[in-house]
Each structure stands twice: as structure tokens, then as C-alpha cells.
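To start, the structure under review is shown below, and the notes come after it.
A note on names: the letters A, B, ... follow the listed sequences, proteins ahead of strands, and every chain is numbered from 1. Hydrogens, waters and symmetry mates play no part in the numbers below; they use all other heavy atoms, side chains included.
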2 protein chains.
Amino acid sequence: MILKQKYNVKNMNSNCKNCLTYKLCIFFKYKKFITILKKKKLVHKGEILFRAKEKMISLYTIQSGTIKTYNFTKQGNEQIIKFYFKGDLIGLDSIYNGIYSNFIKALETSTLCEVSLSKFNKIIFQIPSLGYKIIKLMSKEIKINLYFISLLSRKKAEIKLATFIYDLSKKLKIRGYSHKEFFLSMTRSDIGNYLGITVETISRILSKLKKSKILIIRGKHIIIDNYLKLINLIN
Amino acid sequence: MILKQKYNVKNMNSNCKNCLTYKLCIFFKYKKFITILKKKKLVHKGEILFRAKEKMISLYTIQSGTIKTYNFTKQGNEQIIKFYFKGDLIGLDSIYNGIYSNFIKALETSTLCEVSLSKFNKIIFQIPSLGYKIIKLMSKEIKINLYFISLLSRKKAEIKLATFIYDLSKKLKIRGYSHKEFFLSMTRSDIGNYLGITVETISRILSKLKKSKILIIRGKHIIIDNYLKLINLIN
DNA sequence: CGTGCAATTGACGTGGCTCAAGTGGTGTGG
DNA sequence: CCACACCACTTGAGCCACGTCAATTGCACG
């Protein structure tokens with residue numbers, strides 16, 4: 001995501017004090033917990049971290065980069081489940097049975113913090129306030145998912161795509177990036193797959209948003225030129 | 001849901017031993033917790049329990065009946081978020097901020113168990129194993145929501161509706177009802193709204209499934225006549 | 001600088017939406 | 001208990017947004 005960053009592997013250690021993402025990290029306040037965080041993991045673009053049905057060893061928080069999860073339909077078509085960005089926790093949907101539900105792949109070079117599931121499961125019993133924090137986090141996750149469900153059942157492709165861009169913009173802002181200018185880390189095909197729209201339609205709608213001066217688009221580089229118009233479109 | 005039941009208000013008390021739904025109840029094992037369960041609440045068809053943006057006082061588990069949550073789009077159209085059945089916990093998406101995200105309405109006469117949110121928040125700190133159980137429950141909820149998201153972004157209306165019916169059938173089975181024969185507690189309009197399909201299309205697809213002898217339909221009474229064909233259709 | 005995938009654009013077909021008319025089922029009041 | 005009203009549901013006709021197929025262009029990476 002965003003203006004290409006340099007990934008300095010040497011700086012990667014388990015010392016959360018040096019972590020650029022600590023503000024987004026749910027675990028940061030819990031010193032006891034921090035000790036169970038493993039060294040950061042570097043994954044390259046296109047690398048598959050895990051496959052569906054594999055045993056889940058760890059939860060991961062994203063320190064930088066973008067990750068997607070996906071699965072395959074019975075016809076063998078890829079079906080994207082969700083995109084994850086800096087600060088997001090991957091694996092919440094697998095805690096209950098300890099098995100990855102989906103394939104997990106890096107969309108760009110990314111760094112992750114590893115949280116051993118078995119240790120996580122133990123520490124929940126030792127630090128109730130952390131458990132409560134996780135419950136709140138998951139509650140918010142559920143709300144966001146329900147909101148997304150209601151987006152998908154709205155009909156117009158244009159609204160879905162505009163909302164996707166708007167939501168992405170909000171996410172980036174929270175993460176300290178510009179919300180008006182950013183790089184898409186996923187392909188248009190990925191976006192379409194995620195939203196249930198074909199690539200061609202995605203492309204056509206983007207051209208339309210360009211023509212109507214809502215967006216300035218150059219490949220994966222997006223500038224939201226008219227934020228108000230974008231918001232009005234969604235509503 | 002299912003063959004019309006008689007609701008005996010006299011039998012409603014907080015003694016979980018008499019509860020017909022105890023097998024589905026996450027709290028049942030926790031005696032300390034059971035003491036904070038309030039008396040059961042009876043809600044009538046069409047009754048609105050809570051409105052979006054209201055302060056959340058309690059979580060609710062459904063002892064019988066069906067509940068829907070919904071909200072309004074900026075154009076003032078109702079947008080259904082989710083249906084809840086016997087055993088489901090309502091309000092998971094609101095724990096994090098204590099505010100109802102959506103409107104909550106009974107689709108038929110239903111009985112609920114009330115779980116005070118403030119007491120819930122306290123007891124989580126006292127019983128870590130309950131906290132963990134909630135985490136697992138929420139994890140599964142997240143997985144189910146993600147699965148539903150991937151359903152909605154698949155394109156064919158027929159597949160969406162068939163999957164809806166199949167999922168409902170599975171749910172009913174888990175809850176001890178027949179999975180081959182049941183009553184829909186929601187209108188076709190509700191189903192369409194939920195799946196992002198118009199009523200007319202829902203109606204047409206149902207007629208088609210009837211003609212192809214997969215379903216036997218008489219109003220809200222559904223019989224799955226050919227389970228295999230239904231499953232094949234979905235895949 | 002070439003290879004291969006990503007993205008765009010056009011032409012065309014169709015699934016599902018819209019509009020409209022009619023049927024059925026249920027609850028209410030006379 | 002019937003008559004009426006009201007809403008849920010069904011079915012048909014026509015249209016349009018979006019999918020499909022195909023041809024090009026653009027862009028990143030070795």
C-alpha cells in the first residue's frame with residue numbers, strides 16, 4: 001500500500017518499542033504478552049503464507065504491506081474473502097477451530113508479527129483484560145463485516161466500487177497515510193472478485209469516475225479529486 | 001420458525017434447567033453467569049425491540065422464534081442485516097461500543113433471554129474461561145460472516161437463494177428441527193432484501209425450483225424434496 | 001527490449017430489475 | 001360467519017446494467 005516503503009530486515013525484531021505500528025497494535029499495552037510475540041516475518045509479493053485447511057500455528061498482525069485471503073469455488077475459481085492492511089489481525093476467523101479457513105497471500109512485500117495460537121490461548125486465561133480487549137476487537141470486526149454484507153446486497157456496481165474506494169481511503173487515514181492519494185495494492189481483478197463484479201465493469205466504472213472528475217487515476221495510483229462527490233455518490 | 005409453537009409465558013423464568021435451548025446456550029455451564037440472566041422476555045410479531053443508535057442495555061439469546069436486524073439506507077429503504085434463530089446471540093456487533101448498530105425486530109412471536117451488558121462486561125473479567133468461550137463463539141461468527149460475504153459476491157441469484165435455503169435447513173437441523181420441512185418465518189421480500197435480489201426474482205426462482213422438483217412450496221411451508229439436487233445446484 | 005500479465009475498450013447477449021396486473025391468504029369489523 | 005381490505009406473492013412484458021467474448025494497449029520485470 002501507499003508510497004513504496006523500504007523494508008529494512010535488520011530492524012525487524014520483537015522489540016515492540018521500535019514498531020511503527022504500535023498504535024494500531026492491540027497487544028502493545030500488555031508487556032507479558034509482548035514476550036510471546038515472535039520475531040517479525042518478511043513475506044514477498046505473491047507468497048502464500050498458509051493454505052486453507054492447514055493447522056493454524058499463529059495469528060498474525062500486519063506491520064506493513066497488504067495481505068489477501070481467498071479460497072476456491074468448486075469450479076476451481078478463486079474467491080477473495082478479505083483484504084488485510086497494516087495493523088489488522090489475521091486469523092480471527094480460525095481461533096475457534098485452529099484451522100485456517102482460507103488461503104493467505106501477500107499482495108506486496110509485507111512484514112508480520114507472529115502470535116503463537118497456543119500461547120495466545122493460554123494467555124487469555126491469565127490476562128482477562130486482554131481477553132476483553134480481544135472480544136471488543138472481534139465485536140468491531142463483526143460489525144464491519146455486517147456492514148460490508150449490507151453493501152454487497154445493495155445492487156449498483158458503481159456504488160459498491162465507490163464505497164470500496166471510500167472505505168479504503170478511511171482505512172489509510174486511520175493508519176496515518178494520506179486518504180486522498182494512494183496506491184492500490186490489489187489488481188482490478190482482485191477488487192472485482194471481492195465485490196462480485198467483473199474486471200471489465202470495474203475498469204469501465206473507474207473510467208467513468210475519472211471522466212466525471214471524482215478520481216484521478218494513473219494505473220494503481222489513485223487520487224480522490226472530489227471527496228464530496230464521491231461521498232454523495234455512495235449515499 | 002417451524003410448526004407453530006405455543007408460548008407458555010408461565011414457564012418463563014430464569015431457571016435454565018427448564019430451558020429448551022440450553023444445549024445451544026453458551027452460558028449454560030457457568031452457574032455464576034446464570035444468576036445474571038434475567039427473566040425471559042416475550043416479544044410479539046412485528047415488535048421492534050431496539051432501534052439503531054440506542055444505548056445497548058443487554059445482549060439477548062433467542063430461546064424461540066426469529067429475529068431480524070436491519071437498518072435504513074440514506075434513501076430510506078430498509079436494508080436487512082441478518083436473521084437470528086433459536087440459540088443465536090444478538091448484539092455481538094455492539095459489544096465494542098455499547099450502541100445498537102441496527103434495528104432489531106421480531107419476525108414472529110419470540111422469547112429471549114436477557115444478558116445485562118454491564119454485568120457481562122464484569123463477569124468476563126471474573127471467568128476467563130467464559131471469555132475464551134465468547135472469543136471462540138465470535139471467531140465462528142466471523143467465519144460464518146466471511147463465508148456469507150463470499151456467497152454474496154458470487155453472481156447468480158439462483159445460487160444465492162438455494163444456498164440461503166440450504167443454510168437455513170442446516171441451521172434448523174442443528175437446532176433439533178426437521179431439515180427437510182420447515183416454515184419460513186420471513187417474507188420473500190425480506191429474503192430478497194437480505195440477498196440483494198428483488199422479490200420478483202425470488203418468486204420466479206422459487207417457482208423454478210418447484211418445477212424442477214427440488215422444492216415443494218406452499219406459501220411459507222417449504223419441503224426440500226431433492227436434497228442432492230439442491231446441493232448440486234449450489235456447487 | 002521482449003515477454004506476459006494487467007487494464008482498457010468495444011460489441012453483443014442476457015439475467016435480473018422495473019413496471020404492471022392479477023391471485024391468494026389473513027385479519028378485522030359488521 | 002361473511003365481506004372487505006390489505007399485504008404477500010406470482011406471473012408476464014420489456015428494458016437495461018452488467019456479464020461475456022474479443023481485440024488492443026499499457027506496464028512491470030527479467
Side-chain angles (χ1 to χ4, degrees), chain A residues 4 44-47 66 68 73 75 77-80 105-109 152-162 164-165 183-212 215-222 233, chain B residues 4 44-47 66 68 73 75 77-80 105 107-109 152-165 183-212 215-222 233:
Chain A
K4 318 208 165 176
H44 294 285
K45 183 174 176 174
E47 196 177 317
T66 321
K68 77 171 175 183
T73 64
Q75 291 79 37
N77 300 318
E78 186 177 316
Q79 168 68 59
I80 291 174
K105 191 188 249 185
L107 285 179
E108 57 186 341
T109 303
L152 285 183
S153 59
R154 290 174 68 182
K155 284 140 210 169
K156 298 266 164 199
E158 190 179 20
I159 291 175
K160 289 184 198 176
L161 181 54
F164 175 80
I165 291 167
F183 278 90
L184 294 173
S185 47
M186 67 291 287
T187 63
R188 283 151 173 66
S189 165
D190 276 349
I191 297 172
N193 186 309
Y194 183 55
L195 298 175
I197 306 169
T198 58
V199 205
E200 294 92 331
T201 302
I202 294 283
S203 194
R204 273 185 258 271
I205 293 170
L206 286 179
S207 298
K208 193 183 162 194
L209 295 176
K210 201 171 162 183
K211 214 180 258 176
S212 57
L215 300 181
I216 297 169
I217 302 168
R218 231 192 111 74
K220 305 212 166 193
H221 182 216
I222 306 282
L233 185 62
Chain B
K4 319 211 164 174
H44 294 285
K45 185 175 175 173
E47 196 177 317
T66 320
K68 76 170 175 184
T73 63
Q75 291 80 35
N77 299 320
E78 185 176 315
Q79 168 68 58
I80 291 173
K105 190 188 249 186
L107 285 179
E108 57 186 343
T109 304
L152 285 182
S153 59
R154 290 174 69 181
K155 285 139 207 169
K156 299 264 164 198
E158 191 180 20
I159 292 175
K160 288 184 198 175
L161 181 53
T163 307
F164 176 80
I165 290 167
F183 278 90
L184 294 173
S185 47
M186 66 290 287
T187 63
R188 282 150 175 63
S189 164
D190 276 349
I191 296 172
N193 185 309
Y194 183 54
L195 298 176
I197 305 170
T198 58
V199 207
E200 294 93 330
T201 302
I202 293 284
S203 193
R204 273 185 258 271
I205 292 171
L206 285 179
S207 299
K208 194 183 162 192
L209 295 176
K210 201 171 163 182
K211 214 180 257 177
S212 56
L215 300 180
I216 297 169
I217 303 167
R218 231 194 111 74
K220 304 211 168 196
H221 182 215
I222 306 281
L233 185 63

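Non-hydrogen atoms lying under 4.0 Å from DNA chain C are contributed by Glu200(B), Thr201(B), Arg204(B), all within residues 199-210 of chain B.
Distance from the side chain of Lys156(A) is smallest to dC18(D) among dA8(D), dA6(C), dC18(D). Proximity note for Thr198(A) (side chain, C-beta onward) versus dA7(C), dG19(D), dC9(D): the nearest is dG19(D).
Here the closest non-hydrogen pair linking Ala106(A) and His44(A) is CB-O, 3.4 Å. The two residues Gln79(A) and Ser153(B) come nearest to each other via the heavy atoms NE2-OG, 2.9 Å. Among all heavy-atom pairs drawn from Leu107(A) and Lys45(A), the shortest one is O-CG, 3.4 Å.
In terms of position on DNA chain D, the residue among Ala157(A) and Ser189(B) whose nearest nucleotide sits closer to the 5' end is Ser189(B).
Rounded to whole Å, atom P of dG25(C) lies 14 Å from atom CD1 of Ile217(B). We find that CD1 of Ile191(A) is positioned 10 Å from P of dT8(C), with the value rounded to whole Å. Taking atom CG on Leu195(B) and atom C1' on dC17(C), their separation rounds to 16 Å, with Å as the unit. Protein atom NZ of Lys211(A) is 13 Å distant from nucleotide atom P of dT8(C), rounded to whole Å. Across the protein-nucleic acid pair, Asp190(B) atom CG and dA8(D) atom C1' stand 11 Å apart, rounded to whole Å. Following rounding to the nearest Å, Glu158(B) (CD) and dC17(C) (P) show an atom-to-atom distance of 13 Å. Between Ile159(A) atom CD1 and dC17(C) atom P the separation is 14 Å, expressed in whole Å. Per the geometry, CZ belonging to Arg218(B) stands 12 Å off P belonging to dT10(D), to the nearest Å.
Proximity of Arg188(A) to the phosphate of dA6(C): no side-chain N or O atom is located under 4.0 Å from OP1 or OP2. Listed pair Lys220(B) / dC9(D) meets the phosphate criterion, a side-chain N or O lying under 4.0 Å from OP1 or OP2.
Proximity of Leu206(B) to Ile165(B): side-chain heavy atoms (C-beta onward) are separated by under 4.5 Å at one or more points. With a 4.5 Å cut-off on side-chain heavy atoms, Thr109(A) and Glu47(A) do not count as touching. Residues Glu158(A) and Lys208(A) form a side-chain contact, since some pair of their non-hydrogen atoms from C-beta on lies under 4.5 Å apart.
Using a 4.0 Å heavy-atom distance criterion, Gly196(B) is classed as a sugar-phosphate-only contact.
The neighbour count for Lys220(B) NZ, taken as heavy atoms of other residues, nucleotides or ligands under 6.0 Å away, is above 12.
Axis angle across the helix from dC1(C)-dG30(D) to dG30(C)-dC1(D), with five pairs used at each end and values rounded to 10°: 50°.
The structure places NZ of Lys211(A) at 12.0 Å from CZ of Arg204(A), a figure rounded to the nearest 0.5 Å.
Note: Tyr194(B) and Phe164(B) have perpendicular aromatic rings, judged against thresholds of 30 and 60 degrees for the angle between ring planes.
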